Enquirer: 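Please see the structure below; I have some questions.
Heavy-atom basis, side chains included; hydrogens, waters and symmetry copies ignored. The residues of the chain are indexed from 1 along the displayed sequence. If you're wondering where the values come from, they're calculated on a predicted model, not measured in any experiment. Numbering of ligands and ligand atoms starts at 1, following listing order.
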Amino acid sequence: MKPEYHLQVSQLCKSHGRRLILNEVEFSLPKGSCTLLTGENGAGKTTLLRILASLEKPDRGRLRLAEQSWQPWRKARRMLQQRVMYLHQHPYMFDGTVEYNLRFALGSRVPQRDAEPLIEKALRLIGMESFRKTSARTLSGGERQRVALARAWLRSPQVMLLDEPTANLDYESRQRTLELLQRLRNDGMTLVIASHDPLHFEGLTEQRLHLQAGRVEAVELNMNPATQPANVILMRRDYA
Ligand SMILES: Nc1ncnc2c1ncn2[C@@H]1O[C@H](COP(=O)(O)OP(=O)(O)OP(=O)(O)O)[C@@H](O)[C@H]1O
Ligand SMILES: [Mg+2]
């Protein structure tokens, strides 16, 4: 059966000065899949993720979203902004408590009484219930990453791009993060994870994109069904 793609990219090029970082890159992200993005320091992983999230412009490129035809990158920017979310390795925290940071992610469309149970659930998911009233700016790097993941869960993007999401995490936080990513993926979110630690994501990722000398090589990975937990409905599509 032909796989259903969420997003397809082709002819993607990006230079910084004279350096060609991405050279005619092409790849596809199957719907609800998890893709691991690897490559040496400076290979262009962050650049690629930032372009996908529309935080940076490519020099050229084409894009195809599931239900649409191929289009030049500049025409797809708005759509990308609406659907794709980038999680920075060192996430920015707003001034205020952890609770405030989570509430902010929900925006004004969610009434206060609906927001409360969602915030509680988000805190539970990341195991940070006791940090609710803590000033977010005082959190450690690993704690910030977990709050950022909870914010993303509340925003419920269709595609989530994670830049080194486990780099600062101890064993327990890492397991919790992986569990959350697994749930998001099982519920249909398409994930791309840039990491230098592919072993952390074994069993979660079914495709690996390796960036080298500006090119992407796609490798299919074997999934181990024993590591797949039951499907859990966790998405907040109604507020997306
Ligand atoms: N704004 C910029 N101006 C100039 N050069 C840049 C800019 N952003 C990135 N680069 C260069 O582009 C190359 C790719 O950077 P990028 O951050 O995408 O690599 P990476 O694969 O994410 O590396 P790492 O594993 O260290 O995170 C690097 O050589 C970097 O110096
Ligand atoms: Mg990087």
Enquirer: My understanding is that we take every heavy atom of each candidate and find the minimum distance to atom 30 (C) of ligand 1. Doing that for R19, Q89, K14, which one comes out nearest?
Expert: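 That would be R19.
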Enquirer: Would you compute the distance between atom CG of D59 and atom SG of C13 and round it to the nearest 0.5 angstrom?
Expert: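 Here the rounded value is 7.0 Å.
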Enquirer: Go through the side-chain N and O atoms of Y100 and R132 and say whether any donor and acceptor fall under 3.5 Å apart.
Expert: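 Checked: Y100/R132 side chains show no N/O donor-acceptor pair below 3.5 Å.
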Enquirer: Classify the contact between H16 and ligand 1 as side chain, backbone, both or neither, using a heavy-atom distance cut-off of under 4.0 Å.
Expert: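 Side chain only.
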Enquirer: Please report which non-hydrogen protein atom sits nearest to atom 26 (O) of ligand 1, along with the residue it belongs to and the distance in Å to one decimal place.
Expert: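 In this structure, atom 26 (O) of ligand 1 has N41 ND2, 2.9 Å as its nearest protein heavy atom.
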Enquirer: Does A43 reach ligand 1, in the sense of a heavy atom lying below 4.0 Å from it?
Expert: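 For ligand 1, residue contact (heavy atoms, under 4.0 Å) with A43 is present.
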Enquirer: Are any of the N/O atoms on K45, whether in the backbone or the side chain, positioned under 3.5 angstrom from an N/O atom of ligand 1?
Expert: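 Yes, there is a polar N/O contact under 3.5 Å.
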Enquirer: Could you check atom 14 (C) of ligand 1 against the protein and tell me its nearest heavy-atom contact, residue, atom and distance included?
Expert: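 Checked against all protein heavy atoms, atom 14 (C) of ligand 1 sits closest to G42 O, 3.3 Å.
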Enquirer: For ligand 1, does I21 get within less than 4.0 Å through its side chain, its backbone, both, or neither, judged by non-hydrogen atoms?
Expert: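 The answer is the side chain of I21.
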Enquirer: With a 4.0 Å cut-off on heavy atoms, is E40 touching ligand 1?
Expert: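 True for this residue.
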Enquirer: Among all the protein's non-hydrogen atoms, which is closest to atom 18 (O) of ligand 1, and how far away is it?
Expert: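 Here the closest protein heavy atom is T47 OG1, 2.6 Å.
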Enquirer: Suppose we only count N/O/S atoms under 2.8 Å; would Q89 qualify as near the Mg ion (ligand 2)?
Expert: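 Given the 2.8 Å cut-off, Q89 does not count as a ligand of the Mg ion (ligand 2).
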